[in-house]
Amino acid sequence: PRVPWCSGSEYDVISGRPTNMALFEQMRANVGKLLRGIDRYNPENLATLERYVETQAKENAYDLEANLAVLKLYQFNPAFFQTGVTAQILLKALTNLPHTDFTLCKCMIDQAHVSRGGEIFGVRPRGLLCSPFLCARFSLDAPHAQQEERPIRQILYLGELLETCHFQSFWQALDENMELLEGITGFEDSVRK
C-alpha cells in the first residue's frame, strides 16, 4: 500500500509503511498550511501544534515558525499554557544557537512562568551575573506552580550559560538535570554543533 505523498525511499523496506521522517514531512506540510492566514492564532489548532512540537523533539527536527506560533497562542490563551511543551520549544531553540531563536522564544514566555530569585542549580560560574529573571533556587516545600514551572527556569539558566560561553558549567548543570531531555532526541549532539 503506497501513500501518495511518499516516494519509494520514504518507505520502510520491511513493513512497506511510510517512515517516521516521511510522516513528519507530511505533518510539517499540514502545519505549514495551518500557519498561513488567520488560523495561525486559532486556539482550536493548539493541540495539533503541540503534537508537532513533540514530534520535532522525537524526530530531531526543528520548526521555529511553528514553535513561535505555539508560544503566541499561549500568550493569547494563558489557561492553555503547557510547561512541558514550552520546555521542549526552549530546548529545541537552544540547539540552534548562536542564532537568536532562543531569545525570541524566551521573550514570548509570560513573566509569571519564569520570575523567581536565587540560583537554579546552586552553581554560579565565575563572572556570571545571574538575574532574578533567569535564575531561581528551589526548596522541597515550594508551591506546586513553582515546581511545575521549574523546567522552564532551568532551561533559561542553561541558555544563559551557553550564551555567555560558560560551557563547563553548562555541561555540569545539564548532567545534573538530564530529566529535562526526556523525549528530546539528539539534543547534546545538536548543541555541540
Side-chain angles (χ1 to χ4, degrees), residues 3-7 9-12 17-114 133-134 148-160 162-163 174 179-193:
V3 179
W5 43 265
C6 289
S7 68
S9 65
E10 295 169 324
Y11 283 95
D12 182 287
R17 289 190 228 152
T19 63
N20 285 346
M21 197 45 127
L23 295 173
F24 174 77
E25 289 303 324
Q26 177 62 27
M27 188 176 214
R28 180 188 297 258
N30 290 339
V31 167
K33 290 176 191 168
L34 187 119
L35 293 177
R36 291 187 208 106
I38 196 146
D39 268 346
R40 169 186 211 104
Y41 301 119
N42 182 345
E44 292 177 12
N45 294 326
L46 193 53
T48 301
L49 292 169
E50 289 171 337
R51 273 193 310 276
Y52 184 54
V53 169
E54 291 171 10
T55 303
Q56 289 176 59
K58 288 177 191 164
E59 296 298 322
N60 197 15
Y62 183 62
D63 187 336
L64 176 64
E65 183 180 3
N67 296 347
L68 290 174
V70 171
L71 295 176
K72 182 56 83 176
L73 279 164
Y74 288 159
Q75 282 182 332
F76 291 153
N77 308 280
F80 296 145
F81 182 85
Q82 295 290 320
T83 300
V85 173
T86 303
Q88 287 180 323
I89 289 171
L90 288 171
L91 287 167
K92 293 304 292 181
L94 265 183
T95 64
N96 207 32
L97 281 173
H99 298 285
T100 60
D101 301 15
F102 185 72
T103 302
L104 283 170
C105 291
K106 76 180 177 185
C107 288
M108 294 185 73
I109 299 171
D110 189 308
Q111 293 288 312
H113 300 292
V114 294
F133 173 76
L134 293 175
E148 185 178 291
E149 291 160 358
R150 181 179 184 208
I152 294 172
R153 291 189 301 274
Q154 289 175 314
I155 295 164
L156 292 175
Y157 177 67
L158 290 171
E160 182 179 355
L162 278 180
E163 289 175 325
L174 185 64
E179 73 279 359
L180 290 172
L181 302 185
E182 285 179 23
I184 307 284
T185 302
F187 177 82
E188 294 176 15
D189 291 335
S190 296
V191 167
R192 284 186 181 101
K193 290 182 181 179

Participant: Should we count CD of Glu179 as having more than 12 external heavy atoms under 6.0 Å?
Facilitator: yes
Participant: Given 3.5 Å as the limit, does a donor-acceptor pair link the side chain of Gln88 with the main chain of Ile184, or not?
Facilitator: no
Participant: Within the side chain of Asn96, is there an N or O that forms a donor-acceptor pair under 3.5 Å with the backbone of His99?
Facilitator: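 Flag not set: sc Asn96 to bb His99 has no pair under 3.5 Å.
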Participant: Are any of the side-chain heavy atoms of Val31 and Asn45 separated by less than 4.5 Å?
Facilitator: no
Participant: Please tell me if the side chains of Val85 and Phe80 come closer than 4.5 Å, counting only heavy atoms from C-beta onward.
Facilitator: no
Participant: Got a second to check how far Leu158's CG is from Leu180's CG, nearest 0.5 Å?
Facilitator: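 Atom-to-atom, Leu158:CG and Leu180:CG are 6.5 Å apart.
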Participant: Indicate the atoms forming the closest heavy-atom contact of Ala57 with Lys92, along with that distance.
Facilitator: CA-CD, 4.3 Å
Participant: Would you say Asn77's side chain and Ala79's backbone share a donor-acceptor pair under 3.5 angstrom?
Facilitator: no
Participant: How far does OG1 of Thr86 sit from CD of Glu50, to the nearest 0.5 angstrom?
Facilitator: 8.0 Å
Participant: To the nearest 0.5 Å, how far apart are CG in Asn67 and CE in Met108?
Facilitator: 10.5 Å
Participant: Closest approach of Arg40 and Leu73, non-hydrogen atoms and distance?
Facilitator: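 Nearest pair, atom of Arg40 first, then Leu73: O-CD1, 3.8 Å.
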Participant: Using 0.5 Å steps for rounding, measure from the CG atom of Leu35 to the CG atom of Asn30.
Facilitator: 11.0 Å
Participant: Start with the C-alpha distance between Tyr41 and Phe76, add both sets of side-chain angles, then the distance that settles ring pair (Phe, Tyr, Trp, His ring centres under 6.0 Å), and finish with yes or no.
Facilitator: CA-CA 8 Å; Tyr41 301 119; Phe76 291 153; 5.5 Å; yes
Participant: Show the nearest heavy-atom pair for residues Leu94 and Gly159, with the distance to one decimal.
Facilitator: CD2-CA, 3.5 Å
Participant: Before giving the answer on side-chain hydrogen bond (donor to acceptor under 3.5 Å, both in side chains), spell out for Asp101 and Tyr62 the whole-Å C-alpha distance, their side-chain angles and the decisive distance to 0.1 Å.
Facilitator: CA-CA 11 Å; Asp101 301 15; Tyr62 183 62; 2.7 Å; yes
Participant: Indicate yes or no: does Arg28 engage Glu25 in a salt bridge with an N to O separation below 4.0 Å.
Facilitator: yes
Participant: Just wondering, do Val70 and Gln82 contact through their side chains at under 4.5 Å, heavy atoms?
Facilitator: no
Participant: Going from CG on Leu23 to CD on Gln26, what distance comes out if it is rounded to the nearest 0.5 angstrom?
Facilitator: 8.5 Å
Participant: Check step by step if side-chain contact (heavy atoms from CB on, under 4.5 Å) holds for Val191 and Leu97.
Facilitator: CA-CA 8 Å; Val191 167; Leu97 281 173; over 6 Å; no
Participant: Is the closest basic N to carboxylate O distance between Lys106 and Glu160 below 4.0 Å?
Facilitator: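 So Lys106 does not pair with Glu160 through a salt bridge.
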Participant: With side chains defined as the heavy atoms from C-beta onward, is the minimum distance between Leu64 and Leu68 less than 4.5 Å?
Facilitator: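 In contact.
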Participant: Can a salt bridge be assigned to the pair Lys193 and Glu188 using a cut-off of 4.0 Å between side-chain N and carboxylate O?
Facilitator: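 Between Glu188 and Lys193 there is no salt bridge, as every charged N stays at least 4.0 Å from the carboxylate O atoms.
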Participant: What closest approach, in Å, do Phe187 and Leu91 show between heavy atoms, and which atom pair accounts for it?
Facilitator: CE1-O, 3.4 Å
Participant: I want to check something: taking the side chain as every heavy atom from C-beta on, are Ile89 and Leu71 in contact at a cut-off of under 4.5 Å?
Facilitator: yes
Participant: Any sub-3.5 Å donor-acceptor pair from Glu59's side-chain atoms to Phe24's backbone N or O?
Facilitator: no
Participant: Within this structure, what is the CG-CD distance for the pair Leu90 and Gln154, rounded to the nearest 0.5 Å?
Facilitator: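 One gets 12.0 Å once the value is rounded to the nearest 0.5 Å.
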Participant: Would you say Tyr74 and Asp110 are linked by a side-chain donor-acceptor pair, where the criterion is simply a distance under 3.5 Å?
Facilitator: no
